[in-house]
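Worksheet: one structure, shown below.
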There are 4 protein chains.
Amino acid sequence: MKEALAIFANKGYHTSTIDEIARASGVAKGSVYNYFESKEILLRTLVFETLEETAEMMDPDHDGIVTVEEFFGMIRKSKKWLVENRDFLRLYFSVITQPKVLKMLEKDLWEIISPYIEKMKTFFKEHGFSDPETEVRFFYALLDGIEINYVLDPENFPLDKIEERVIRYYEGLLK
Amino acid sequence: MKEALAIFANKGYHTSTIDEIARASGVAKGSVYNYFESKEILLRTLVFETLEETAEMMDPDHDGIVTVEEFFGMIRKSKKWLVENRDFLRLYFSVITQPKVLKMLEKDLWEIISPYIEKMKTFFKEHGFSDPETEVRFFYALLDGIEINYVLDPENFPLDKIEERVIRYYEGLLK
Amino acid sequence: MKEALAIFANKGYHTSTIDEIARASGVAKGSVYNYFESKEILLRTLVFETLEETAEMMDPDHDGIVTVEEFFGMIRKSKKWLVENRDFLRLYFSVITQPKVLKMLEKDLWEIISPYIEKMKTFFKEHGFSDPETEVRFFYALLDGIEINYVLDPENFPLDKIEERVIRYYEGLLK
Amino acid sequence: MKEALAIFANKGYHTSTIDEIARASGVAKGSVYNYFESKEILLRTLVFETLEETAEMMDPDHDGIVTVEEFFGMIRKSKKWLVENRDFLRLYFSVITQPKVLKMLEKDLWEIISPYIEKMKTFFKEHGFSDPETEVRFFYALLDGIEINYVLDPENFPLDKIEERVIRYYEGLLK
DNA sequence: CATGAATGAGCGTTCATTCAT
DNA sequence: CATGAATGAACGCTCATTCAT
């Protein structure tokens, strides 16, 4: 799976071949099929496991209430993760923008993501935002936008400055 | 090209076939090759022409100075365009996140986009932002994030509310 | 036809396209079909006309009897023609060695060639060769071999010396 | 490869299809590509392997000196081989006369052939020929001419008589 | 008679998947 | 459970040929 991730991320799903992945992993092509029913399921498994790990790691709260510190902590953790997982994120974006693939993933993706959305909704609500629903969407849109811009041009995108910009912005809103 | 756009957008570049596009367009497979040297060039042409049109249409200023009204006008136009061009945008995102394809497009994309970035940089500078460079990046990241979220889930994404949210935010900053 | 010859000779029949030939000739693709029913017939016509011209030009005798001088004259003329028609000869060899094409040409080729064989048979017979039939075959095989060797490597094949070698050989036999 | 040879020889390289070769060989089309990277490489491999085998088999001398007996033996072996390998030879001639293909083969061909040319040059030199270089060229041109005439019309070409004719000729020269 | 856009059959090649060993 | 040869459906692309203008 490690090799598959690297290859999918660098060449794109359709342009990567099972043969390539097998060779890079040091196993025979046939062996890949002992672990994954199909190329699509390999991708799916790959994306999910990473996503679940990430989600867990990123969980801003482990007790049910998101504090302001946890909120900012999460933003900083996001950035760190982003830098360390460029490859995955590029793959992720390329996958979710492939209509067919999206369909196959979206239900499960939603299950991973929705609890976070709920928690953030509560967080914004408790800090006096009049439309927490929209606020969450706005917040995640902003993060997604930053991620995609970083992933597409990691050399030039001023990630640190943007991070500070985001934090200062929410500091203003949350105080 | 219209059919190609629809098909590429709905099925993804690699999953779409020339035969399909030809049939949908009511011409023979071979005829496609009278107009486009290859599948890749069809895609490229498609993306570029739409992008150039859009860029021109979206130009916030036609005199050299971006006013505050033009800035907000541009945001509103963006939203309108976004709604009307879901298909294209889905294709666009799926294309720029495909590593190989990106390489083939990036130089030319940059040529289309960079003038806008420059203008916006000047705009933010003249309105007293201390780091206009970062501000532009932040602004475009936000727009990209909104776009991608809308495109991936147009039914549920509260585009209107988000638009108002963005406008109110920049009103606060620009007054 | 001139352009077709050049192109067929340089790229081979199957690798050359009608489009290419039309463009090189300064006419439209469709026009080619006003003069030649098909690509194959263009080739056929080409080969034949050149072959007939050549045959006529090469005719060692115009009165029915081949003299020794005419015989040697013909050898010299052959060489001259060979140098001037490398292109055609390469095409010719590539064509007659293509089984399918051969079948389509062989009957007509034979009609062009056989009178010469007959004349040469008589020539050798009258000069005391015990097996004129074999002698003619030997003679033409020798010429063909020289031609093919020259055509395949015109820079290095010592055509002049070989010509002298052949002439001296037959001088020995014919005196 | 056996089937490929037969098919290439009988239909010509460009007119033969991989599908046909696969079917004749009793394997699937895709399997051909497990053994040969491309149609061109299949052809190349085919020609080379046969050529190398032949060259080795035809080697007139195994000790460094070509004797007169070995010389005549080689001519006789040539004839035998020629009769048994009509197919290959037809393919061979059709290949070397295809301009493009020639380019791709010529360097390697030369490496196979040139040692024989050298040996023959020495042979003719040691038997008192004033211009061994030309003599070798003449000799091989004669053989090539015979081969091509035989291959193009095996039913009628008097191969045995020609062989005797050649041998008698060189007996005259070498005594 | 010239044109060149349109056609579509056909081919080389790829690659996910299977399965006998 | 590992292997990798075999499979064949599928696709991009070519090009001889046609025909309406």
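Hydrogens, waters and symmetry mates are skipped; everything else that's a heavy atom, side chains included, is used. Chain A is the first sequence line, chain B the second, and so forth, proteins listed ahead of strands; every chain is numbered from 1.
- Inter-residue side-chain proximity for D:Arg90 and D:Asn10 is flagged as met; some heavy-atom pair is nearer than 4.5 Å.
- Counting non-hydrogen atoms under 4.0 angstrom, D:Ser16 reaches the backbone sugars and phosphates but no base.
- Of all heavy-atom pairs spanning D:Ile21 and D:Leu42, the tightest one is CD1-CD2, 4.1 Å.
- Comparing E:dG12, F:dA16, F:dT3 against the side chain of C:Tyr33 picks out F:dA16 as the nearest.
- Base-pair partner of E:dG12: F:dC11 (Watson-Crick or G-U wobble, both distances under 3.5 Å).
- Comparing A:Gly30 and C:Ala28 against DNA chain E, the residue whose closest nucleotide sits nearer the 5' end is C:Ala28.
- The CZ atom of B:Phe93 sits 14.0 Å away from atom CD of B:Gln98, with the distance rounded to the nearest 0.5 Å.
- Between A:Asn34 and F:dA2, a side-chain N or O to OP1/OP2 separation shorter than 4.0 Å is present.
- Projected onto DNA chain F by closest heavy-atom contact, C:Glu37 and B:Lys29 fall at different nucleotides, the more 5' of which corresponds to B:Lys29.
- For the pair A:Ile21 CD1 and E:dA16 P, the interatomic distance rounds to 8 Å; values are reported in whole Å.
- Checking F:dA6 for Watson-Crick or G-U wobble geometry (two distances, each under 3.5 Å) identifies E:dT17 as its partner.
- The distance between atom CD1 of B:Ile18 and atom P of F:dA10, rounded to the nearest whole Å, is 17 Å.
- In this structure, D:Phe36 places its CZ atom 12 Å from P of F:dA6, rounding to the nearest Å.
- Separating the CG atom of C:Asp19 from the C1' atom of E:dT3 is a distance of 12 Å, rounded to the nearest angstrom.
- Along DNA chain F, the nucleotide nearest to B:Lys39 and the one nearest to D:Ser31 differ in position, and the one closer to the 5' end is contacted by D:Ser31.
- Atom-to-atom distance recorded for A:Leu91:CG and A:Tyr13:OH is 10.5 Å, nearest 0.5 angstrom.
- Between the CD atom of C:Glu20 and the P atom of F:dT14 there is a distance of 13 Å, rounded to whole Å.
- Whole-Å rounding puts the A:Tyr35 OH to E:dT17 P distance at 18 Å.
- Across the protein-nucleic acid pair, B:Arg23 atom CZ and F:dG12 atom C1' stand 14 Å apart, rounded to whole Å.
- Between C:Met1 and C:Phe36 the shortest side-chain heavy-atom distance falls below 4.5 Å.
- As rounded to whole Å, 12 Å separates atom P of F:dA16 from atom CG of C:Leu43.
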